[in-house]
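To keep things clear, I will list the structure first and then write my remarks on it.
Worth knowing before you read on, the calculation uses all heavy atoms, side chains too, and leaves out hydrogens, waters and symmetry mates. The structure displayed is predicted, hence computed values, not measured ones. The residues of the chain are indexed from 1 along the displayed sequence.
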Amino acid sequence: MVYFYYIFMNAKCFILNFGSIHRKMQLTTIMIFLEYLGIFHLTFSMNNLEQLTAEQRHIVLCVDNIVHRHLLPRKSLRVSLPSVDYNVTSPTLTRTHLQEYNFNMVDTFLRIVTDGARCSVEVSRIGAAQPEILNEYFLKHDSYIIFTGIHKEESDIISSLSEQLQELQNEGSWNYRARFVVVTSVHINVSIQELAFKILKEMWKYYNVMDVLTVMSVSNITFNDTVVDSAIPEGNKSEIDIQLFSWFPYTSPTHCDKLKEAVLVDRWNSDGEFVLKVNLFPEKVPKTFHKCSTKVISFINPPALMEISDNNYTGLEVNFVEFIFKRLNLTAQYIVSPNTKETYYRMLMQTVQQLEPSSSDIAVGLLPLHSHAIAEATIPYLYVKLSWYVPCPKPASRWKSIHKIFGSLVWTCFSAVSILAVIIMWLLAKYETQLHVRESPNYKTIMYCIYNVLAITTGVSVPQKPISLSLRIFFIAWVWYAIAMTTVYQAYFIGFLVNPGFEKSITTLNDLLKSGIEYGYQVEMDILTFSDPLYKSITRKRKICNSVYQCLQRVIERKDFATIFDSFHAEYFRTKLLFHNIHVPVCTLEEDVIMYRVSMFMAKGNPLLHRFNKLTTRVFEAGLIEKRLNDFMSSPRLDDHPIDDDDTNFSDFATNELNTYYSTFSLIHLQVVFYVLLIGQIISTFVFLVEVLYYRACITAANNTALYRAQRDH
């Protein structure tokens, strides 16, 4: 009834906001009428408190105590009410005696709860019209209170509960990890523990709800659990006996994730208090799991999961799961599918769909993090990149690398400075001679100055030092300049002799398209959404890869293909090559196609999720996952397993051409030096022969001239 008062007060505010000035008198009359009407309904609802039976009052007090102790500190509360009967021949609502009994109790409870609540409280009833929600964002409820109503049969209670849970589950605000309080009353002689067991089983098996507290009241109680009876003192038993049941998984090796019995948590007596005064919502997931068996569902996917022998598996994810299971004292039961020729996406979906509802099953297999209807993912523990793998650039020619040591501008400036040094050296020598200062003949001609500048530049001594002071100062300045330039040049020169670098590489999608090489990937990549418009052209012309490893082998070996591959399996492929003494680099484009996060999947409501997330966070923050990945990739055990079902033949690789990952320094790297030396020797020999022939020609001509003159004089 309290809601009528709220409606009238809101109506009054509405009228105040939208009334006009010339109708003030009429509005005042209406407001006074609404206030009196609200007071009337409020007084009527207060009288209903006195109309409740003793059992109803204690149920209201008990649930209100639970709400304030365990539910109100949370953000939101959802109250669900059972449906009411409608008359077929009349649109008016008709209530039976039991429904009127339910209505009065629930109405009183809602008034008490909403008076002191400091959180969002939502109320819904089965069959009532729900407001249309335009915003897709939903606030997940932290707590639920479900009133099943008073029924004469157990099946009616279960049916009312299931009907409300289905209605709540279809909403976006549904939260199966919230705290649930189920309030029910029966007026027949039944075993409350058996009824509580059926309620808990219904919620866990079909709705994945584990954190449930049932509030049970009954007249003429028949309770057969002697162990629980003995736990309650005799003096506290009275005619008002509201019993609270719940269940706890992993209490023993025989009670793992399956509900075996309902446990009596506490009782509410006629004194208006709990008997045991214990925590009604304790932590249900223990720290140790008593070696309970947990199914690990996956498929053969090297190197994440590989089969050693029958029901014996290894792999990166297997090791990670075993590490967590050891910490939690769990036992793994592997259900592994063979590696078929189906796409990875289909294998992923089949693996997740094998998860049994309301169980502790776990699905692994490098599964990317995504939303799923029947499962939920752990926090990601591995990040994998999808990239374009392209041919690595070829090593550059050592001959071409020599002139790349300095740029063209540096070479031009150095040549200009050298020519200027020759001219200055010749002018200084000539100027000192005019001042009657003695100077060496080696600096008085242009040709000699060229010889001296080249000698200093190449680190060769000159025939004679300059004599004059000015020429000596310029000479030593040129020596310092030449030493600086030649030192830098020689350092780069030796570096290029050892590693001349590489030709232009493919770094972008435009470079890939302009290169003219073929490209392709698996069909399952078509589900990806590419933002770059260039992928429209790539999709039309791409080839289909039946085996990603064979496509990657073509990229490395023949260098005429490009493919999309994930970094995890690409590193595994390169590691397998190392075991065959094949050292090759693997090159990718600068921009990744996509990065996805790898997680494990569990059935919704799995009690292990929080513990897995906590351990995974600690392992990830400590860097142990990266360490385990590196250690596993370098393990010799990888060499004993085929890389895939096709078992790529590594003997097909042309190892002599592919082993370019490192090189041994030898005389081959110095062939440029010897070629330059040989060319210099040939040129010097040629010049020497020219000088000898020129000298002989000059001597012969001089002798002939002298002989001719002697003969003429005689």
*Please assess K258 against E356 for the test salt bridge (charged side-chain N to carboxylate O under 4.0 Å, His left out), listing each intermediate value before the final yes or no.*
CA-CA 12 Å; K258 303 302 180 183; E356 182 181 350; 3.5 Å; yes

*Are the side chain of H141 and the backbone of R179 linked by a donor-acceptor contact shorter than 3.5 Å?*
no

*asked:* Main chain of I158, side chain of S162: is a donor-acceptor contact present, judged purely on distance under 3.5 Å?
replied: no

*Any donor and acceptor pair, going by atom type alone, linking the side chain of R177 with main-chain N or O of N606 inside 3.5 Å?*
yes

*When you measure from the side chain of N279 to the backbone N and O of F281, does any donor-acceptor pair fall under 3.5 Å?*
yes

*Flag the pair R78 and E167 as a salt bridge only when some basic side-chain nitrogen lies within less than 4.0 angstrom of an acidic carboxylate oxygen.*
no

*Point-to-point distance, once rounded to the nearest 0.5 Å, from OH of Y596 to CZ of F568*: 9.0 Å

*Between D532 and Y535, is there a donor-acceptor pair closer than 3.5 Å when you use the side chain of the first and the backbone of the second?*
no

*Name the one of N311, V364, V318 that satisfies side chain to side chain contact (heavy atoms under 4.5 Å, CB included) with Y334?*
V318

*So, the side chain of S76 versus the backbone of D142: is there a donor-acceptor pair under 3.5 Å, distance only?*
yes

*Do F632 and Y572 come within less than 4.5 Å of each other through their side chains, counting heavy atoms only?*
no

*Could you point out which residue of V586, L589, V555, T588 forms a side chain to side chain contact (heavy atoms under 4.5 Å, CB included) with V390?*
L589

*asked:* For R542 and D526: C-alpha separation, side-chain torsions, deciding distance, then whether salt bridge (charged side-chain N to carboxylate O under 4.0 Å, His left out) applies.
replied: CA-CA 11 Å; R542 58 102 170 175; D526 292 335; 2.6 Å; yes

*asked:* Rounded to the nearest 0.5 Å, what separates atom CG in L369 from atom OH in Y383?
replied: 9.0 Å

*Only one of Y519, W388, Y549 forms a ring-ring contact (aromatic ring centres under 6.0 Å, His included) with F565, so which one is it?*
Y549

_Any donor-acceptor pair under 3.5 Å from T378 side chain to N613 backbone_ = no

*Shortest non-hydrogen contact between S599 and P380, atoms and distance*: OG-CA, 3.4 Å

*Is there a donor-acceptor pair under 3.5 Å between the side chain of K140 and the backbone N or O of G172?*
yes

*Just by modelled atom types, is the P253 backbone N or O under 3.5 Å from a matching donor or acceptor in the K291 side chain?*
no

*Has the side chain of S537 got a donor or acceptor atom that lies under 3.5 Å from a matching backbone atom of L534?*
no

_Just checking Q353: does its CD atom have more than 12 heavy atoms from other residues, nucleotides or ligands closer to it than 6.0 angstrom?_
yes

*Of V321, V296, I379, which meets side chain to side chain contact (heavy atoms under 4.5 Å, CB included) against M600?*
V321

*Given the rule in the salt bridge (charged side-chain N to carboxylate O under 4.0 Å, His left out) test, do E194 and K198 qualify, once you have shown the distances and angles that lead to the verdict?*
CA-CA 6 Å; E194 182 179 351; K198 293 180 180 179; 3.7 Å; yes

*Give a yes or no on whether K284 atom NZ has more than 12 heavy-atom contacts from other residues, nucleotides or ligands under 6.0 Å away.*
yes

